[in-house]
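Letters A, B, ... are given to chains in the order of the sequence lines, protein chains preceding strands, and every chain is numbered from 1.
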Number of protein chains: 2
Amino acid sequence: MATIRDVARMAGVSVSTVSLVLHQPHRVSEPTTARVLQAVDALRYRPNGAARDLRIRKTHTIAVFLRDLSGPFYSELIAAVERATSALGLTLIVSGRSTDHRQGSLRLLREGRVDGAIVLDPEISWAELAAYSGPHLPVVVLNRMLPAPLESAYLTAVAVDNEGGGYLAGRHLLERGFVHPAFIAGPVGSETSQWRQQGFFRAYEEAGISPTRVAVVHSDFTEPGGIQAMDALMARRVAMDAVFAANDEMALGAMQVLTAPKSPPVRVAVMGFDDIRLARYVRPTLSTIHQPMDELGTLAMDLLARAMGGETRVPPRVLTTTLVVRESTTLLHPT
Amino acid sequence: MATIRDVARMAGVSVSTVSLVLHQPHRVSEPTTARVLQAVDALRYRPNGAARDLRIRKTHTIAVFLRDLSGPFYSELIAAVERATSALGLTLIVSGRSTDHRQGSLRLLREGRVDGAIVLDPEISWAELAAYSGPHLPVVVLNRMLPAPLESAYLTAVAVDNEGGGYLAGRHLLERGFVHPAFIAGPVGSETSQWRQQGFFRAYEEAGISPTRVAVVHSDFTEPGGIQAMDALMARRVAMDAVFAANDEMALGAMQVLTAPKSPPVRVAVMGFDDIRLARYVRPTLSTIHQPMDELGTLAMDLLARAMGGETRVPPRVLTTTLVVRESTTLLHPT
DNA sequence: GTCTCAGGTCGAAACGTTTCGATTACGATA
DNA sequence: TATCGTAATCGAAACGTTTCGACCTGAGAC
């Protein structure tokens, strides 16, 4: 690989002149510029990125941390982030964490390989994030609400109003006359799931129905998990006329067991959360709470860009959800 | 940020010793090691990635180039690549190409920011790839067949047997008695689509049915595109009893117009290609040709790793597809 | 008592840029 | 003619590592 020095030698100028030609063309005379450019061409010179990063102390790269790239929710979100990133001319590193776990993935932050990060992995703690973020390394957390008294000025968040979304779901089921709901929650510690549950319960409480009478079963946000959870509810012979799942994937699973030919002919409404693309295709189509994924991704990148531009204490943002009524809470599994 | 020099000063040793402690611990005495480690800890020292890359001339990073991260096919594929990558402890840069177009995306290769690349973008030409790949920068092309006489020793490919898949689709439709198929192709230049078409036609030719009698309409591999294509076929009043689309997304679109309430009650079988997740959920469920996406992704990363390890002329690989029969070629749209 | 040798440590060069301040040449100004 | 300003170019330092060869020290071999 040709270096800038080779170019300089070939063009008969100093290294600094070559660099000037490349970055501040107006500062060097016409003929010299021509000679240099010609040499660049002849030698196929390409500036070395690492060297520049080292000198400049900027990478123009951001990282996205996620648990797993698969799953429609995350993949739709990350697609939006990718679009925003490349629109800004930045490079995007995606880091799952199959093997490495903690150590390995935040390495990118530690080694200063990125100028900023977007965090989608729900298992990376706020403490860790606060520790790693800093004046030259802002972080925005996507899909989680920033705990109010968080001290770092370089950490912010964008999320959806999960509590409000849960409430919307509850109201809708109530309006349709479903008074014995069950709730399929996410993993026990999941903030997201807890907020959705809280909003959901609030709706029922307002209607005079005690949440303590709502059956709750925990699962893992996946479709097979939803199947298991629904099976468990059935096995417990819970009396219910509707089930609200903390995300669409689990709702899909639940619906599968409800519409399975062998299952008893109960009529149970199903409601999800996220509005992934699948929700429109499955039969019956799935009523759900819509998250503006595109906007979430774009906004996250937007906040990050501002923080990277030096702005400090960028305020977190909360987007609102909307109710999407489809067949699963209307027609009751017409198969 | 603390540098290695700060650590050295604090521990009262030379810079080189610190580096030794970090990388070849056995070469330095017990007590010194302890002092150094303690300083590392106290100063929160983290080695700077760019500096190391510069010195070492390795980045442990690979790039994936794609047209667009959205779309289930690519996102499933890239999820597999991501898993394989992080299992190997490498970092993954994904680069779509919204704005930059050519110039911008291959920048990663030019600037030596990656040690290897996987190319998913069908619009990057072989010539370009051959030009950029090299002894220290192997490239594997995913989802395209390597043209036989390609000269670069650092370029290889993994793809699925598209011709064979198309043939499978044709055979299946024939066995079911569909003798008037139409074909919804990809964009005019698409290699992939051409292979699938060729295999499909071969099956019909073998059965004594001339492909010239098969209606072909081009589209763009998207669902809306499929809708348009199907509309066009209907408008042309093509006599057909089956339609084979070059990918599942377009098949989904086609099926939508066929099952639309307002459409005339024709009975047309639909067959896709890819076996994306949606194919199992849509009603009627979509018969299709299965691509082993997971294996494709893993294998691509595998070949790349071998090439990065110095192996030259890694032979390209072709995986086989399998037929997946579902409702769309069996029951004919029972609403 | 000298010679070897190995273990432990160090200094300095190198990786390829960017950028700051200095130097030169030369026409314009007083 | 002496002075100044400006445009063009350059040299050298700095970014933070890794690594090679050299150096020192003390212990064991003869």
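Taking atom NZ of Lys58(B) as the reference point, atom C1' of dT18(D) lies 16 Å away to the nearest angstrom. Atom CD1 in Ile56(B) sits about 13 Å away from atom C1' in dC20(D), given to the nearest Å. In this structure, CE of Met1(B) is placed 21 Å from P of dA14(D), rounded to the nearest angstrom. Protein atom CZ of Arg113(A) is 15 Å distant from nucleotide atom C1' of dC15(D), rounded to whole Å. The CD1-P distance, from Ile4(B) to dC15(C), rounds to 19 Å in whole Å. Taking atom NE2 of residue His26(B) and atom C1' of nucleotide dG8(C), one finds them 12 Å apart after rounding to whole Å. Note: CZ (Arg110(B)) to P (dT17(C)) measures 13 Å, nearest angstrom. Following rounding to the nearest Å, Arg35(A) (CZ) and dA8(D) (P) show an atom-to-atom distance of 14 Å.
Along DNA chain D, the nucleotide nearest to Arg27(B) and the one nearest to Arg52(B) differ in position, and the one closer to the 5' end is contacted by Arg52(B). When the nearest nucleotides of DNA chain C are assigned to Glu30(B) and Gln24(A) by heavy-atom distance, the more 5′-ward of the two goes with Glu30(B).
Both the sub-6.0 Å distance and the 45° axial angle are not jointly satisfied by Arg144(A) relative to the ring of Trp195(A).
The nucleotide whose nearest atom lies closest to any side-chain atom of Ser14(B) is, among dG11(C), dT9(D), dT18(D), dG11(C). The side chain of Arg57(B) sits closest to dG16(C) out of dT17(C), dT17(D), dG16(C). Side-chain proximity of Ser16(A) to dA12(D), dT9(C), dT19(D): nearest is dA12(D). Listed candidates were dT17(D), dT18(D), dA8(D). Nearest to the side chain of Ser29(A) is dA8(D). Checking dT17(D), dT18(C), dA8(D) against the side-chain heavy atoms of Thr32(A) singles out dA8(D) as nearest. Comparing dA14(C), dT18(C), dT9(D) by their closest approach to the side chain of Leu20(A) singles out dT9(D). Nearest nucleotide to the Ser19(B) side chain, out of dT17(D), dT19(D), dT9(D): dT19(D). Side-chain proximity of Tyr45(B) to dT17(D), dC10(C), dA14(D): nearest is dT17(D). Considering only side-chain atoms of Arg55(A), the nucleotide from dG11(D), dA14(D), dT18(D) that sits closest is dA14(D). With distances taken from any side-chain atom of Leu54(B) to the nucleotides dT18(D), dG16(D), dT18(C), the minimum falls on dG16(D).
Under the 4.5 Å side-chain criterion, counting only non-hydrogen atoms from C-beta, Val158(B) is in contact with Leu296(B). Between Leu146(B) and Trp126(B) the shortest side-chain heavy-atom distance falls below 4.5 Å.
A side-chain donor from one of Arg107(B) and Thr91(A) sits under 3.5 Å from a side-chain acceptor of the other. A donor and an acceptor atom, one from each side chain of Thr32(B) and Ser29(B), are located under 3.5 Å apart. Counting only N and O atoms by type, the side chains of Asp53(B) and Thr59(B) include no donor and acceptor under 3.5 Å apart.
Val13(A) comes within 4.0 angstrom of the backbone, heavy atoms only, and of no base.
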